Amino acid sequence: MLRKSTNCLMRWPTFCLFIILSASLQGCLPGAPKTVVNNTAPTKDDNLALGNPSQAGSSNPDNYLITRPAYSLSYNRKRAIANWVSWHMSAAWKGDVKRGNDFRPDPDLPAGWYAVKTSDYTNSGFDRGHLCPSDDRDGSPADNSATFLMTNIVPEAPRHNREVWKSLEDYSRQLVSAGNELYIIAGTDGTGGTGEGGQTSRIADGKITVPATLWKIIVVLPVGSNDISRLSTNTRIIAVSIPNRQTAADKPWTAYLTSIKDIERMTGYDFLSEVPKDLQRVLEARIDANL
DNA sequence: CTGGTCAAC
DNA sequence: GTTGACCAG
């Protein structure tokens with residue numbers, strides 16, 4: 001009953017189309033259309049697609065843009081922590097690369113700047129808290145390793161990091177497993193947190209500021225391309241602002257839901273700046289419904 | 001690199 | 001029980 005493929009092409013075109021798509025044979029068949037169906041496979045997209053919230057660049061040391069394949073961030077030299085980190089998240093970034101734990105100074109800071117090292121956090125009473133999590137970047141060794149550069153790390157109250165912040169990270173990866181992709185921006189604000197040793201403004205002999213607040217904005221999109229055009233008034237927005245205190249973990253992350261507008265008021269940043277103004281207004285006022 | 005802890009699932 | 005993510009030495 002098996003026919004040669006040329007017969008198949010004439011007699012069972014639908015069947016052959018299936019073969020073409022599933023076995024990636026397009027390149028073997030000259031003349032086959034390049035795009036037969038919409039591409040719904042998740043991709044790795046621009047980490048800053050929704051905008052650069054603080055207009056970070058190369059001129060201001062306290063708003064210094066660092067761009068990598070894994071994420072983009074604004075670094076604050078005076079505070080020795082990031083103002084924010086922005087990254088795209090989809091199943092395309094996921095894999096089975098083992099967590100590297102290779103915390104190290106960021107070699108991409110300008111010459112002459114102090115580069116935070118992992119031992120600056122030892123015995124500080126604060127965790128080396130990821131902004132862009134290791135587990136969001138386990139698709140390649142290079143991407144995972146990039147999350148351990150100390151510019152992506154902030155002094156985070158241990159219970160904050162391991163409990164309430166982690167549970168939101170886990171939830172966001174569940175959203176990805178369920179068929180969404182995400183744009184995530186996480187950052188810091190204010191000075192002074194409460195770690196294992198009590199209230200602290202700075203660690204490492206004053207070199208590193210302990211942020212008072214960690215905030216995060218998650219834009220939830222269906223898997224696809226043309227990112228900006230996929231935002232609508234129905235787009236789900238998850239925004240939280242969580243004090244950097246051990247006791248913050250006494251409540252679930254849903255207790256800290258807020259609006260993007262509130263985070264803009266707190267930080268002075270402008271989020272979703274690539275999105276049309278009218279749509280920004282709607283989405284930035286939104287507070288996610290409690291789950 | 002190893003062993004230990006803690007919380008969540 | 002296992003896993004993930006810290007810590008210290």
Side-chain angles (χ1 to χ4, degrees), chain A residues 70-71 73 80-82 85 87 89-91 93-106 115-180 182 184 186-188 192-200 202-205 207-216 218 238 240 242-257 290-291:
Chain A
Y71 55 79
L73 67 78
I81 54 175
V85 180
W87 68 102
M89 183 57 188
S90 74
W93 294 96
K94 289 294 292 171
D96 54 11
V97 170
K98 200 175 70 208
R99 179 186 167 97
N101 281 317
D102 47 344
F103 292 101
R104 62 200 186 285
D106 190 334
V116 172
K117 51 189 191 298
T118 182
S119 60
D120 287 333
Y121 281 61
T122 303
N123 294 317
S124 69
F126 291 86
D127 276 6
R128 299 171 185 88
H130 284 74
L131 288 174
C132 177
S134 168
D135 209 6
D136 279 15
R137 290 293 182 263
D138 60 358
S140 78
D143 285 344
N144 185 257
S145 184
T147 70
F148 291 90
L149 292 167
M150 293 303 289
T151 46
N152 181 48
I153 302 297
V154 300
E156 189 173 356
R159 289 195 58 210
H160 188 290
N161 181 38
R162 304 171 195 182
E163 299 176 40
V164 61
W165 194 253
K166 173 180 160 56
S167 68
L168 177 54
E169 291 174 347
D170 288 342
Y171 179 76
S172 68
R173 284 186 290 269
Q174 287 173 27
L175 290 174
V176 171
S177 303
N180 300 289
L182 315 172
I184 306 176
T188 58
T194 306
E196 264 165 7
Q199 214 280 341
T200 309
R202 289 166 190 281
I203 63 172
D205 299 323
K207 290 194 290 287
I208 304 172
T209 296
V210 176
T213 302
L214 279 78
W215 51 264
K216 178 176 274 187
I218 303 173
I238 301 170
V240 297
I242 310 181
N244 192 14
R245 293 197 288 262
Q246 294 282 66
T247 52
D250 292 344
K251 297 178 192 170
W253 63 265
T254 49
Y256 300 97
L257 285 164
N290 259 348
L291 302 162

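Computed from a predicted model, the values in this text were never measured in an experiment. A, B, ... follow the sequence lines: proteins, then strands. Residue 1 opens every chain.
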Subject >> Contacts of type ring-ring contact (aromatic ring centres under 6.0 Å, His included), residue A:F148, not counting sequence neighbours >> reply: A:F103, A:H130

Original post:
Of all heavy-atom pairs between A:T151 and A:A82, which one has the smallest distance, and what is that distance?
Top reply: O-CB, 3.6 Å

**OP:** Tell me yes or no: between the side chains of A:T122 and A:R128, is some donor less than 3.5 Å from an acceptor?
**Re:** yes

**OP:** Calculate the interatomic distance between A:D102 atom CG and C:dA5 atom C1'; express it in whole Å.
**Re:** 14 Å

**OP:** Starting from P on B:dA8, measure out to CG on A:D250 and report it in whole angstrom.
**Re:** 11 Å

**OP:** Please report the shortest heavy-atom distance between A:P211 and A:I81, naming the atom on each side.
**Re:** CD-CD1, 4.0 Å

**OP:** Identify, residue by residue, the members of residues 155-162 of chain A with a heavy atom below 4.0 Å from DNA chain C, and return them in order of residue number, or none.
**Re:** A:N161, A:R162

Subject >> Nucleotide B:dA8, atom C1' - distance to CZ of A:R173 in whole Å >> reply: 13 Å

Original post:
Between the side chains of A:D143 and A:W93, does any donor sit under 3.5 Å from an acceptor?
Top reply: no

Original post:
In whole Å, what is the span from the CG atom of A:L168 to the P atom of C:dG4?
Top reply: 19 Å

Subject >> Separation of C:dG4 P from A:W165 CH2 (nearest whole Å) >> reply: 21 Å

Original post:
In this structure, are over 12 heavy atoms from other groups packed under 6.0 Å from A:K251 atom NZ?
Top reply: no

Original post:
Is A:D135 touching bases, backbone alone, or none of the nucleic acid, heavy atoms closer than 4.0 Å?
Top reply: sugar-phosphate

**OP:** Figure out the CG/P separation between A:N101 and C:dA5, and round it to whole Å.
**Re:** 9 Å

Subject >> A:E196 CD to C:dA5 C1', straight-line distance once rounded to whole Å >> reply: 14 Å

Subject >> Close approaches to DNA chain C from residues 122-134 of chain A, in residue order (heavy atom, under 4.0 Å) >> reply: A:T122, A:N123, A:F126, A:D127, A:R128, A:H130

**OP:** Could you check how far CD of A:Q246 sits from P of B:dA7, rounded to whole Å?
**Re:** 10 Å

**OP:** Begin from the C-alpha positions of A:L149 and A:Y71 and carry the test side-chain contact (heavy atoms from CB on, under 4.5 Å) through to its verdict.
**Re:** CA-CA 11 Å; A:L149 292 167; A:Y71 55 79; 4.0 Å; yes

Subject >> Closest heavy-atom pair and its distance - A:S167, A:V164 >> reply: OG-O, 2.9 Å

Subject >> Exam field: side chain A:N161 to backbone A:G129, donor-acceptor pair closer than 3.5 Å >> reply: no

